[in-house]
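Inspection log for the structure reproduced underneath, given as structure tokens.
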Amino acid sequence: MVKNKAQERVPKTRARAKTNKKMRLSINCVIVIVSMVIAGWFGYKGYLETRVNTPYDGQKLVKYTSGLKVPDRYWGTYRPGAYFGLKTRDPYSLVTGLMWYFPRFVRYDGTGFRHWCEQSDELNRYAWLEHDGRTFGVQEIVDNHVLIRTTFVKKRGGYRGGDWTARIAVSLENPQIMDHLFLEEISLLFYTAIEDGTKGWIKANLGDYDRLTGIEGNTQGLGSFSINVNLINGTIEEHSFLSTVALGLNVLKGTVLQNLRIAAQKGSLKKHLVLAGEQLPLLPEGKREDPNFVVTQVTGKIPFEIEVSYESGSFSNRMDKLTGNNYDEALKEHREQFSKKFESVFNLKSKGYKDDEVAFAKMAFSNLIGSIGYFYGTSQVQSTYTQGPVPYWKAPLYTAVPSRSFFPRGFLWDEGFHGLLISVWDTEIELDIISHWFDLMNIEGWIPREMILGEEAVAKVPKEFITQINTNANPPTFFLTLDFLLQRSEQDLLKHNFHLLDKLYPRLQAWFSWFNTTQIGELPGTYRWRGRDEKATRELNPKTLTSGLDDYPRASHPSVAERHVDLRCWIAYAARVMANIAEMLSYPAKKYQETYRYLSDNNLLNELHWSPNAQAYSDYGLHTDKVVLQKIVPPPSRKQQSNVQITPEMTRVVLEKPLLKFVDTTFGYVSLFPFILQIVEPDSPQLGKILQDLRDPDLLWTKYGLRSLAKTSPLYMKYNTQHDAPYWRGPIWINLNYLTVRAAYYYSNVKGPYQESAKKIYQELRKNLIQNIIIQYKKTGYLWEQYDDTEGKGKGSHPFTGWTSLVVLLMAEIY
Ligand SMILES: *[C@@H]1O[C@H](CO)[C@@H](O)[C@H](O)[C@H]1NC(C)=O
Ligand SMILES: *[C@@H]1O[C@H](CO)[C@@H](O)[C@H](O)[C@H]1NC(C)=O
């Protein structure tokens, strides 16, 4: 038996040897194939990894890298986050700016020292009162009832963006009030810095007694230039300077603070804080490092005024200097032209507005256009294929900002609203802004939601908000701007900007497709905002930051079955605008027309989103209202020492199984979207019901505008976590109020059974909003991020002259 077995074994072994050979061969093959697959996979994975930060494959809309190609807007107040300063539209720029402090108040930790717009400075007010986005501006800053007036005027000449002069005048806001005599002194610091990466230099020019007489320099963009600071009137107590190396634009203030010394005034017991003069680090070879930051400080008795004049070396045939009386005259002329244009664009005087109301509107508009910034840098982005955040490509962004203090950077959906106001004033500026934003599109057709470019911008953002994720959308409000532009000046656009629009078109197509594919819902014709956290345990209702309405309540349990009515309306609206643009440019429009027709079909809309129970448009999803935040006390552990107190965080507790249903106990802005974006038919009974609900004070109506969430909603004014105060859960927001007024205007002008009630709502809502925003401005000195729904008080970030400035269009009735 044994033998047999052995015999048997032989051929088998041979056979095995043969098969082994075959197998080895095939194993080799397999290895090759596997490794090819692996390599392929890695290649593919690498490909997937790089998609998020690969630019859209197409001609850029902004062709130039130097802003000199637009000489008129080369210099500007492009640092909205600083109280005052000019820079150029260059990736790396010469930067100028203002700091100030009251010597009596300043402390070494920097309190009382002003530079970046900070709410914690608690200024009485500050805003551009006049600014045209191009040539001049007048700003008033009131700090402790001391008025600091900063003005600037630009002058063409040469081929490097021309000259400019700025004035900084300090006076008492109300000289009758004598109780702030203790503030008789103020120190103004005007600085010039060159950003890291700028090719060029600056240096301080010193005269007798080492006094700074001016600054000169040369950069690649500007060529040679000089900057002089002169006293116009008043008494100067102290004059000192600093010439040093700052480690970045984000540490300018710290650098100044480190270089302030106490010194006695000559021939007096009086002491002053003076700047330390030249402070240049020694290089290894014994030379001094070149300065990149030169500051001149003037301490004077209020009132006084200084003048800063920048002159371009390329401007050789200068007839008059833009200083002294010439400056006064130039400013006067610019102001008159501005007022004329303001009236011809907005017609507020002829509509019967009083002077103070017109001045208010000028401020609201000017502080929006005057806070257009120019940023350059890389953002952090992430996709499901990248291990962590990866840098986006380096890019410039020319954009307005929502708030100079709190949000001094670009926000995608805010910008579509800003565009309405800006494009009425200056189409070219708006098209330039749109071009910059659409150049930020990646190959997938995605545009990041928040753009945090450059040292100064990054310094203002908490770390957890920096990374942008490419599955996340934001309302495509640039379609609002484009629609608006088309309706107001289609012929003009075609004549002057055809090529730009033609280049923009494929990017618009890609953007539309991105929304129409990545944000799609489970059922045909439904859409769902991505980016909700289904694992959240602390949030009463997981936030939907992507919708722009952050904590507005949605289905309590995020799921793929969810459908969001606001997003569906945005996409329907976008399809309509795309169809119009395609037609205008003679491209096939059929696909967009069909999509619009499909998504605006009221029967389908009602089937998917009209809750028969609540008789309102609603989201749909896995939902229960029975959720609460509770402190769950963990069972005491033995290891825990008795003297250690652990305060438990509030955690969400679900008291009832969520079910798939309409999220219809929540009524608010989201429920209004079919109306707001004018998708509901003028003769639809749904329109009648919306208008009725909208006017109901128990739901959304207040004397100050529409609140975001009905008083009857379970989450009305509820905290979302222990620390997250209600945001879009009650307060009045101006962007959606503007769209509501605009919709009411539309429905009051098309035939239908609800024309009259739409008209009434239009008139009342418009009046309420304008009245309250002006009253609050007079009371507080600011435009606000939101207004509370009980007394109309301004709340949140301020000044918020982003979309709250739409009040000017409400006044002017431009929709
Ligand atoms: C300072 O000059 C401005 C004009 O440049 C003038 O309006 C102002 O009254 C002057 N102030 C004083 C104190 O002379
Ligand atoms: C949008 O997506 C739907 C559903 O996938 C599709 O039928 C439609 O053609 C798309 N519209 C456009 C304009 O691409």
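For ligands, and for the atoms within them, numbers begin at 1 and follow the listed sequence.
Cation-pi geometry between R568 and Y527 is not met: the NZ or CZ atom fails to fall both under 6.0 Å from the ring centre and inside 45° of the normal. Cation-pi check for R51 over Y385 is not met; the charged atom does not lie both under 6.0 angstrom from the ring centroid and within 45 degrees of its normal.
In this structure, W570 has its ring center closer than 6.0 angstrom to the ring center of F673. In this structure, the ring of W425 has its center less than 6.0 angstrom from the ring center of F365.
Within 4.0 Å of ligand 2, heavy atoms belong to protein residues F512, N516, I520, K591, Y592, T595.
Note on R729 versus D724: no salt bridge recorded, every NZ/NE/NH1/NH2 to OD/OE distance being 4.0 Å or above.
Each side-chain hydrogen bond (donor to acceptor under 3.5 Å, both in side chains) pair with one or both residues in residues 498-508, not counting sequence neighbours, appears once here: D502-Y587.
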